[in-house]
Amino acid sequence: MLVRFAKVEGLGNDFLLIDRRDASPAVVDALVTRLRDAAPALCDRRFGVGGDGILVVGPPCSPEAAATMIVVNHDGSRPEMCGNGLRCVALVVAGAARELVIDTDAGPRPCSVREFHPGTCPSGQVAIDMGPPDLLGPRRVGGRSFAAVSMGNPHAIAFVSADDPEALARTEGPLVERDSQFPGRTNVEFARLEPDGSVTLWVWERGCGITSACGTGACATLAAAIAEGLASYARDVVMRLPGGPLVLRQDRAGGSITMTGPARVAFVGEVELHAASPAA
Ligand SMILES: N[C@H](CCC[C@H](N)C(=O)O)C(=O)O
């Protein structure tokens, strides 16, 4: 089965985007099942297209939405939410409409395309209402304190001062991801507050490993920083990720976090989706 895709990225967090708004929910569900099985091969950066995951765009679930986004991680798991992916979906779906709602497994999310450069491979700047964070309390893993925060998907955030957040993400990230305190596994963030109020952030993502950016991880980190008195409400905070900056803001306690950043279609292509891999 030949599948047409757009290779999209937000700060280098990259995905195969497959647009099936024309299909029924049942057809989309069957495609997602096959893509979950094929994800490790499709996302392989040498033997496949390459990517951190797959975004399937289907018809909307809720009346106010323009489409639905379903996310598949590199390892085939299906996370509840993806911030960088949602900016890319909004860019592709928006067309002339700049304000739209996209349904996700974590609920509907209002999106605003702030800047749009048209073409076969469009790009632009997109703002997302990421919804309110859910602060789940402290966790200790391997002698280090983490803040557990949900943005629909789970995150464990550690603030480091002298340490190197990249080195910690690479060494401790895989251990924390699979710690028994996180029954569905977790994304793992190591954050360092900078003198100018920005935050240097490295993320070990559940089901993907180190990525060049994580939108939900940046939002969860802002929520944890505010809770720990390291950042404040009603101010833009710059999250400096390896792939570039995201601008985040939470105006009040319990309110939504708004995330603004780039989205781009890098190229379009076609790939053969083989029948389900033989039973192991
Ligand atoms: N790996 C994540 C999903 C992708 C999140 C990230 N790419 C983002 O931009 O939010 C998880 O399993 O929850």
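We count ligands from 1, going down the list as the structure has it; atoms in each ligand are counted the same way. Just so it is clear, the structure is predicted and the values come from calculations on it, not from any experiment.
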Kindly give the cluster partners of Phe182, where membership spreads through any ILVMFWY side chain lying under 4.5 Å from a current member. Val141, Phe146, Val160, Leu168, Val176, Val188, Phe190, Trp202, Trp204, Ile210

Sorted by chain and number, sequence neighbours left out, salt bridge (charged side-chain N to carboxylate O under 4.0 Å, His left out) with Arg249 holds for Asp236, Asp251

Looking at side-chain heavy atoms only, is the closest gap between Val271 and Phe5 below 4.5 Å? yes

Those residues at least two apart in sequence (or on a different chain) that pass side chain to side chain donor-acceptor pair (under 3.5 Å) with Arg170 are Glu166

Distance filter under 4.0 Å, heavy atoms only, around ligand 1 gives Asn13, Asn73, Pro79, Met81, Cys82, Gly83, Asn84, Asn153, Asn187, Glu205, Arg206, Cys208, Cys214, Gly215, Thr216

Under 3.5 Å, is there a donor-acceptor pair linking the side chains of His117 and Glu115? yes

Under 3.5 Å, is there a donor on one side chain and an acceptor on the other for Thr216 and Asn153? yes

